Chemist: 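A single structure is presented below for examination.
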Amino acid sequence: MNPPDDLAIHPAFRGEGEQVIRRLQKLEEWKARGVEPYAWRYPRRDTTEGLRAKFHDLENGAESGYRASLAGRLMAFRRHGKASFADLEDGWGRIQLMAAVDSLGGEGYQLFQELDIGDWVGVEGPVFRSRRGELTVRVEEFRLLSKSLRPLPEKWHGLKDVELRYRRRYLDLLVNPEVKRKLLVRVKTIREVRRFLDDRDFLEVETPMLHLIPGGAAARPFVTYHHALGEELYLRIAPELYLKRCLVGGLEKVYEINRNFRNEGISYKHNPEFTMLEFYWAFVDYLDLASFLEEMLSEVVGRVMGTLKFTYQGREMDFTPPWRRTTLLEAVSAAVGEKVDSSTSPDKWKELAERHSVPLEEGWGPGKAATELFEKLVEPELWEPTLVMDYPREVSPLARAHRSDPFLTERFELIAAGRELANAFSELIDPLDQRERFEQQARQRERGDEEAHVVDYDYLRAMEYGMPPAGGLGLGIDRLVMILTDSHSIREVILFPHLRPV
RNA sequence: GGGCCGCUAGCUCAGUUGGCAGAGCACCGGACUUUUAAUCCGGGUGUCCUGGGUUCGAGUCCCAGGCGGCUCACCA
């Protein structure tokens, strides 16, 4: 091979290391020899997994008599002069290749020797098991399918640099098997959730991602702009208000699994875009939903994990229903060591908050204070799945007032591993009550609360035509998958998490 | 946004008191027809994250900045 000659190198690769330059030169040499380095297709007939299944009982040293045809990426070479071994990886696994002058001829073997780790190849040849017991394809024909120009991360230590793992997730997937395992858990989880709901006649619908009025949650939205219409739009923070319009339209069971966008801090449990399930179900209340959620998650988790008991971050996690239930006020009472309830005075809340070093802001009422105490003192300590019932009305502008306590709403959250997994309520279907709640939110907004709701008059109008009594639930898919994959960070379960540009 | 930590070869990592930039894998040259982290012989391939400063001399010390991780704050 010629020594590196910078003048001959494509300008895009100036300054690249020796290994890249050599691969580029090899590419040019192969082209000059008439070898097409980027194939159009390769009609492979076998997969590594298929061959392993077919020949699992082939004895050491035995020939199968079967001629295999595989395609995949070369992941390792063990060269021995006139014979060589290589590992080929496809979408299902790896298998050993053996190439030798005997089976390929001098010229073919020479070409095979010139392949690099990372190259995609198609190979054909008989399957046998080596004397050492390794299922192997003896390469009699091969084709370069796609030339790899950059060296892969090291075979033994893999790619460890967390930043590189996220920025170059394709490499992470390629060399760290755990990444693919986690992705598969995610895929299966979403599939099982869909199946569960589809089996119960829920309709999966798609509602707008571009909103004129960001609603359905308390969060800052991302702003974008539609040029032809000349108007500002918001990436949705929740699909809730559109899904409830579906209820008005007579769709009794609807759900959506898709992305929401919130313009907030990034942390181990927050990504700016995240995946949520939301479903709405006419004629049921939040108590029905609590049982339904237990049924749904125990089935989904059981099918994905094969068990309802597993460990998360070194601690036992058990999704076996029924889950523990408490109310928010009971939980706060236990945490502060004295009874609090709907009639607890603002001054008392203030005193309790101070005593437990939970700062309260000006303008927060007792409901917000109670919720703040819950989130600071109780939530982080709730490990096993717990249904926390009856959130205050003040922090639940879209939930129906509690049938027996106007301070509260018929709302619950599922808390596990110290974080919120799901949130559900008996939906507020009274348009006059909803109007008041929106106006209350608008006043908070005027006071500077950027996360308070904007009044959505179109939604109010829809409600005024009549919304059936209904329950609605939101489930954070990423956070559920974190627990199922034993991931500390949400970034581990999102293929391409958001990172600043370098 | 605050605190702490990290950034050195393609990858994983060493680098002493401020004194020639270094190891394993990968890569290159050679040997080798049953290896599988192949082995043996030979070869370091580098914008030490960036920019300033101190110094005879900076990967190392100082200042500013970038990116990332953890954590606190924020966060239905």
Side-chain angles (χ1 to χ4, degrees), chain A residues 1 3-4 15-23 60-61 75-87 94-104 109 116-118 128-136 138 148-168 171 175 216-220 237-238 240 260 262-272 274 276 359 368 371-372 374-376 379 388 391-392 394-399 409 411-413 415 419-425 450-453 474 476 488-489 491 497 499-502:
Chain A
M1 190 166 299
E16 287 289 350
E18 174 210 10
Q19 298 192 44
V20 173
I21 300 303
R22 283 185 190 281
R23 284 171 181 234
N60 290 3
M75 296 301 285
F77 267 109
R78 292 176 293 283
R79 296 189 173 95
H80 294 260
K82 297 190 176 61
S84 291
F85 296 89
D87 292 336
R94 282 191 188 193
I95 200 161
Q96 175 167 272
L97 305 179
M98 180 179 171
V101 173
D102 299 349
S103 53
L104 275 169
Y109 184 68
D116 289 308
I117 290 176
F128 69 103
R129 191 174 293 280
S130 72
R131 292 206 290 265
R132 300 286 183 92
E134 189 73 38
L135 195 65
T136 305
R138 182 179 291 110
S148 166
L149 297 179
R150 294 184 182 278
L152 295 179
E154 196 227 344
K155 59 185 170 186
W156 195 245
H157 298 93
L159 188 65
K160 286 204 169 135
D161 183 301
V162 181
E163 184 174 354
L164 277 185
R165 285 188 49 230
Y166 295 155
R167 286 195 195 279
R168 303 193 187 146
L171 292 179
V175 301
R220 288 179 63 173
I237 53 176
E240 172 153 352
N260 293 322
R262 296 188 184 175
N263 206 341
E264 293 165 350
I266 296 175
S267 79
Y268 72 94
K269 50 183 174 178
H270 297 270
N271 196 60
F274 61 102
M276 278 249 290
K368 179 68 180 167
T371 307
E372 196 66 15
F374 172 77
E375 286 175 0
K376 291 290 183 298
E379 191 170 285
V388 179
Y391 277 61
E394 188 185 341
V395 296
S396 314
L398 297 164
T409 54
R411 168 183 170 191
F412 70 81
E413 287 195 359
I415 310 293
R419 64 197 70 157
E420 173 195 345
L421 275 194
N423 179 24
F425 33 86
E450 285 186 76
E451 293 180 356
H453 281 73
H488 169 71
S489 168
R491 291 177 162 188
L499 295 177
R500 289 169 194 260
V502 181

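Keep in mind the model is a prediction, meaning the values are calculated, not measured. Per chain, numbering begins at 1; letters A, B, ... match sequence-line order. Because only heavy atoms are used, hydrogens play no part in the values below, and waters and symmetry mates are left out as well, while side chains stay in.
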Chemist: Taking donor-acceptor contacts at under 3.5 Å, does the side chain of A:D87 reach the base of B:U36?
Modeler: no
Chemist: Run the salt-bridge test on A:D87 and A:R78 with the 4.0 Å N-O cut-off and return the result as yes or no.
Modeler: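 Yes.
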Chemist: If you only use heavy atoms from C-beta on, which nucleotide in B:C13, B:G68, B:C28 is closest to the side chain of A:R22?
Modeler: B:C28
Chemist: What does A:E134 touch in the nucleic acid at a heavy-atom separation under 4.0 angstrom: a base, only the sugar-phosphate, or nothing?
Modeler: base
Chemist: Please classify the nucleic acid contact of A:G158 as base, sugar-phosphate, or nothing, using heavy-atom distances under 4.0 Å.
Modeler: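 Sugar-phosphate contact only - A:G158 comes under 4.0 Å of backbone atoms but never of a base.
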Chemist: Between A:A100 and A:A76, name the one whose nearest nucleotide on RNA chain B is closer to the 5' end.
Modeler: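 Whichever sits nearer the 5' end wins; that is A:A100.
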Chemist: Tell which nucleotide pairs with B:C20, taking only Watson-Crick or G-U wobble pairs whose two distances are both under 3.5 angstrom.
Modeler: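 Partner of B:C20: none.
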Chemist: Expressed in angstrom and rounded to an integer, what is the separation of A:K269 atom NZ from B:C70 atom P?
Modeler: 13 Å
Chemist: Watson-Crick or G-U wobble partner for B:A31, using a 3.5 Å limit on both distances?
Modeler: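 Matched B:A31 with B:U39 under the 3.5 Å cut-off.
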Chemist: Look at the side chain of A:A218 and decide which nucleotide, out of B:U35, B:A76, B:C70, has an atom nearest to it.
Modeler: B:A76
Chemist: For A:R167, report the nucleic acid contact type (base, sugar-phosphate, nothing); a contact means any heavy atom under 4.0 Å.
Modeler: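 A:R167: backbone/sugar contact only, no base atoms under 4.0 Å.
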Chemist: Under 3.5 Å, is there an N or O donor on one side and an acceptor on the other linking the side chain of A:H157 and the base of B:C11?
Modeler: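 Check fails, no donor-acceptor contact within cut-off.
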Chemist: I'd like a list of close polar pairs between nucleotides 8-10 of chain B and the protein, N/O only, cut-off under 3.5 Å.
Modeler:
none

Chemist: Tell me what A:H488 touches on the nucleic acid: a base, only sugar-phosphate, or nothing, going by heavy atoms under 4.0 Å.
Modeler: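 If one applies the 4.0 Å heavy-atom cut-off, A:H488 turns out to touch the sugar-phosphate alone, with no base involved.
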Chemist: According to the Watson-Crick and G-U wobble definitions, with both distances under 3.5 Å, which nucleotide is paired to B:U60?
Modeler: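 Paired with no nucleotide.
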Chemist: B:A23 and B:A9: how far apart are their C1' atoms, nearest whole angstrom?
Modeler: 11 Å
Chemist: Need one value for A:R220: base, sugar-phosphate or nothing, where a base atom within 4.0 Å counts as base even if backbone is also close, heavy atoms only.
Modeler: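 Contact class for A:R220: none.
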Chemist: Specify the separation, in whole Å, of atom CD of A:E264 and atom C1' of B:A73.
Modeler: 14 Å
Chemist: Any donor-acceptor pair, under 3.5 Å, between the side chain of A:S130 and the base of B:U35, if you only look at N and O atoms?
Modeler: yes
Chemist: Could one point to a donor on the side chain of A:R78 or the base of B:U35 with an acceptor on the other under 3.5 Å away?
Modeler: yes
Chemist: Is B:C67 paired to anything, Watson-Crick or G-U wobble with both distances less than 3.5 Å, and if yes, which nucleotide?
Modeler: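 B:G6 is the nucleotide pairing with B:C67.
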Chemist: So, using side-chain hydrogen bond (donor to acceptor under 3.5 Å, both in side chains) as the criterion, who are the partners of A:R94 when residues are at least two apart?
Modeler: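 A:R94 satisfies side-chain hydrogen bond (donor to acceptor under 3.5 Å, both in side chains) with A:E89 only.
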Chemist: Reckon A:G216 touches a base, only the sugar-phosphate, or nothing at all at heavy-atom distances under 4.0 Å?
Modeler: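 Here A:G216 touches the bases of the nucleic acid.
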Chemist: Counting any heavy atom closer than 4.0 Å, what does A:K82 reach on the DNA or RNA strands: base, sugar-phosphate only, or nothing?
Modeler: base
Chemist: Heavy atoms only, 4.0 Å cut-off, all strands: where does A:R131 land among base, sugar-phosphate and nothing?
Modeler: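 Base: the residue A:R131, judged by heavy atoms under 4.0 Å, touches a nucleobase.
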Chemist: With a non-hydrogen cut-off below 4.0 angstrom, is A:K376 in contact with a base, only sugar-phosphate, or nothing?
Modeler: sugar-phosphate
Chemist: Starting from the 5' end of RNA chain B, give me the residue, A:G15 or A:E451, whose nearest nucleotide shows up first.
Modeler: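 Of the two residues, A:G15 wins.
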Chemist: Got a sec, which residues hit side-chain contact (heavy atoms from CB on, under 4.5 Å) with A:R419, two or more places apart in sequence or on another chain?
Modeler: A:Y268, A:K269, A:Y312, A:A417, A:R479, A:M482
Chemist: Taking the side chain of A:W156 as its heavy atoms from C-beta onward, which of B:A37, B:U33, B:C67 lies nearest to it?
Modeler: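 Of all the options, the side chain of A:W156 is nearest to B:A37.
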